[in-house]
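For clarity, every value in this text was computed on a predicted model and none was experimentally measured. Hydrogens, waters and symmetry mates play no part in the numbers below; they use all other heavy atoms, side chains included. By convention in this document, chain letters (A, B, ...) are assigned in the order of the sequence lines, proteins followed by strands, and residues within each chain are numbered from 1.
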Number of protein chains: 2
Amino acid sequence: MAEEMEQWLSSLLRLTDEEEKMTEKQIKIIQAAVDIFADKGYASTSTSEIAQRAGVAEGTIFRHYKTKKDLLLSIVAPVMSKLVAPFVLRDLHQVLDTEYEQFEDFLRAMMRNRLEFVVKHAPIVKIMLHEIPFHPELQSQFKEQLFPQVGERLKRIITHFQSRGDLIEMPPFALLRMSVSAIMGYIFTRCYLFPEHDWNDEEEIERVVNFIMHGLAPRKE
Amino acid sequence: MAEEMEQWLSSLLRLTDEEEKMTEKQIKIIQAAVDIFADKGYASTSTSEIAQRAGVAEGTIFRHYKTKKDLLLSIVAPVMSKLVAPFVLRDLHQVLDTEYEQFEDFLRAMMRNRLEFVVKHAPIVKIMLHEIPFHPELQSQFKEQLFPQVGERLKRIITHFQSRGDLIEMPPFALLRMSVSAIMGYIFTRCYLFPEHDWNDEEEIERVVNFIMHGLAPRKE
DNA sequence: CTTTAAAGTGAGTAATCACTCACTAACGAG
DNA sequence: CTCGTTAGTGAGTGATTACTCACTTTAAAG
């Protein structure tokens, strides 16, 4: 448990330096693993296939990663942290509680930012989504570490705008859920359902933001 | 291909009679498979484990299902069809193009109806969501058979209310996407993210419907 | 150059995999 | 009762699995 916590903290802290002190072959291994995991799923990918694709002996994989699951976690855990990093880092300049004058500015920035991230790391995010339900280590990282912090933080932001009269009276969790649904709905459709479609991101972001703003505005009269 | 089509049609037609001419042991096999598939995922479930949980010899599984994948498909395919059946059956009395006077009545009915279905078949829907990306047979059933029909049908419904001036001017696909996002967002949160939470479905449905109606209403002034 | 530790190798291993097959049991039709 | 078909069995099979280990190669420091 202490080891997991340490691992998670370290992966959070090194946000910039990726593939830092990795061997050439180790990078090849990661690339091959990401490719095949995303394509066939973790459980039906064999270490021999990864080694083959990476142009490496099978033993080399186990020199760097104790087990196959270790390889998976070393791929997924950092991205999982980074995916929610903007919500958990207190001193991040981009998204701070009071930085945005209007809720819609906050929404726009957040949606642009996270969409960009998912587009960039699409295969790993796909692996993440598929494997979280089956690996207790990832589940606990999500349910115990990430969600409470992120949820609390977002709830405070929403309550802020709500108390200003910008949002309808409603339990903050429900407001949060509907906002996130609308945003994730687009990101998911855009990146996983129809990645080939010729999307106009700015236009769609505007639509979603307007949808949320009108849908959650205080009811007039 | 013809065989698949036949299989899919037949599974669509027998909407009522489930476990019709199944042996006791065959039912046990299906139940065990659903349990373990939902729990550990298809790929990391062994046929021997299914047999053990079902209290059956391993050979019995292969008497009824040619392969392990055959077992999966016989579980997932029918539910996949039924999940979208209300949208594809032309003569279904519950949800017809012109039956609902208001768009919000349509939304309410649809959301209630599909939520009930997902609650009822939660484990199989979970299996479905996880396995669709990795099995071309399921993918094609979704992308080529189900989605075009359902999408077209829903688009027509939306266009209908749009032309009446009930919905904002916007590409129907975008309207559809945002409506579905909001609805699925709740169903997903309710059934998979926090199934333990004490949900008040009627209240939440009302929230989501209002969210959609206000978010997609024609802009005043 | 020498030393040393880490990186890389690939044959080997026990376990497990999906699946087969020769066989028995059950059971309704004639 | 007899026959034929289907349901059910479980030991057996070859392939594949994640992982090990004794070994070689690489490379940087002294």
Trainee: Taking atom C1' of C:dC17 as reference, at what distance in whole Å does atom NZ of B:K68 sit?
Mentor: 9 Å
Trainee: Mind checking if A:S46 touches a base, just sugar-phosphate, or nothing, with heavy atoms under 4.0 Å?
Mentor: sugar-phosphate
Trainee: At under 4.0 Å between heavy atoms, what does B:Q26 touch on the DNA or RNA strands: base, sugar-phosphate, or nothing?
Mentor: nothing
Trainee: Given the side-chain rings of A:Y186 and A:F211, with only the six-membered ring counted for Trp, is the space between their centroids under 6.0 Å?
Mentor: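 Centroid distance A:Y186-A:F211: not below 6.0 Å, so no.
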Trainee: Could you state the atom-to-atom distance from OH of A:Y65 to P of D:dC19 in whole Å?
Mentor: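 It is 14 Å, rounded to the nearest whole Å.
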Trainee: Report which part of the nucleic acid A:T47 touches: base, sugar-phosphate, or nothing (heavy-atom distance under 4.0 Å, all strands).
Mentor: base
Trainee: To the nearest Å, how far apart are A:I61 CD1 and D:dC21 P?
Mentor: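 Taking CD1 of A:I61 and P of D:dC21, I get 18 Å after rounding.
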Trainee: Could you tell me whether the phosphate oxygens of C:dA6, OP1 or OP2, come under 4.0 Å of any side-chain nitrogen or oxygen in A:H64?
Mentor: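 So the side chain of A:H64 is outside the cut-off, no N or O lying under 4.0 Å from OP1 or OP2 of C:dA6.
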Trainee: On DNA chain D, check which nucleotide each of A:Y42 and B:V56 is closest to and give me the residue with the more 5' one.
Mentor: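 Closest to the 5' end, via its nearest nucleotide, is B:V56.
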Trainee: Counting only distance, no hydrogens or angles, is the base of C:dT9 paired donor-acceptor with the side chain of A:R63 under 3.5 Å?
Mentor: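 Flag set: donor-acceptor pair detected.
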Trainee: Strictly distance-based, threshold 3.5 Å: is any side-chain N or O of B:Y65 a donor or acceptor partner for the main-chain N or O of B:L72?
Mentor: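 The answer is no, because no donor-acceptor pair under 3.5 Å joins these two groups.
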Trainee: Once you round it to whole Å, what is the distance between C1' of C:dT9 and CD1 of A:I50?
Mentor: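 Those two atoms, CD1 and C1', are 17 Å apart.
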Trainee: Is a side-chain N or O of B:K126 found less than 3.5 angstrom from the main chain of B:A38, in a donor-acceptor match?
Mentor: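 Present.
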Trainee: Taking side-chain contact (heavy atoms from CB on, under 4.5 Å) as the criterion, tell me which of B:V119, B:L115, B:V125, B:V208 meets it with B:I187.
Mentor: B:L115
Trainee: Is the closest basic N to carboxylate O distance between A:E152 and A:R156 below 4.0 Å?
Mentor: no
Trainee: Rounding to an integer number of Å, can you tell me how far A:I29 CD1 sits from C:dA7 C1'?
Mentor: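 Those two atoms, CD1 and C1', are 10 Å apart.
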Trainee: Could you check how far CD of B:E24 sits from C1' of C:dC27, rounded to whole Å?
Mentor: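 Rounding to the nearest Å, CD of B:E24 and C1' of C:dC27 are 15 Å apart.
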Trainee: Rounded to the nearest angstrom, tell me the gap between atom CD1 in B:I36 and atom P in C:dC17.
Mentor: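 The answer, rounded to whole Å, is 11 Å.
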Trainee: With a 4.5 Å heavy-atom cut-off, do B:K69 and B:Y42 have their side chains touching?
Mentor: yes
Trainee: Looking only at side-chain atoms of B:T60, point me to the closest of D:dG8, C:dC19, C:dA7.
Mentor: D:dG8
Trainee: So for the helix from C:dC1-D:dG30 to C:dG30-D:dC1, with five pairs setting each end axis, what is the inter-axis angle to 10°?
Mentor: 10°
Trainee: Hey, is the side chain of A:K25 poking within less than 4.0 Å of OP1 or OP2 on C:dT9, counting only N and O atoms?
Mentor: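 Yes, such a contact exists.
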Trainee: How about A:H135 and A:V76: do any of their side-chain heavy atoms sit closer than 4.5 Å?
Mentor: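 A:H135 does not reach A:V76 side chain to side chain.
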Trainee: Look at A:R112 together with A:E116 and state whether they make a salt bridge at an N to O cut-off of under 4.0 Å.
Mentor: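 A:E116 and A:R112: not salt-bridged.
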Trainee: Heavy atoms only, 4.0 Å cut-off, all strands: where does A:S44 land among base, sugar-phosphate and nothing?
Mentor: nothing
Trainee: Take the protein atom CD1 of B:I27 and the nucleotide atom C1' of D:dA7, then report the distance between them rounded to whole Å.
Mentor: 14 Å
Trainee: Please determine, for the side chain of A:F62, which listed nucleotide (D:dC19, D:dT9, C:dA18) has the closest atom?
Mentor: D:dC19
Trainee: Which listed nucleotide (C:dG8, D:dT17, D:dG8) is nearest to the side chain of A:S48?
Mentor: D:dT17
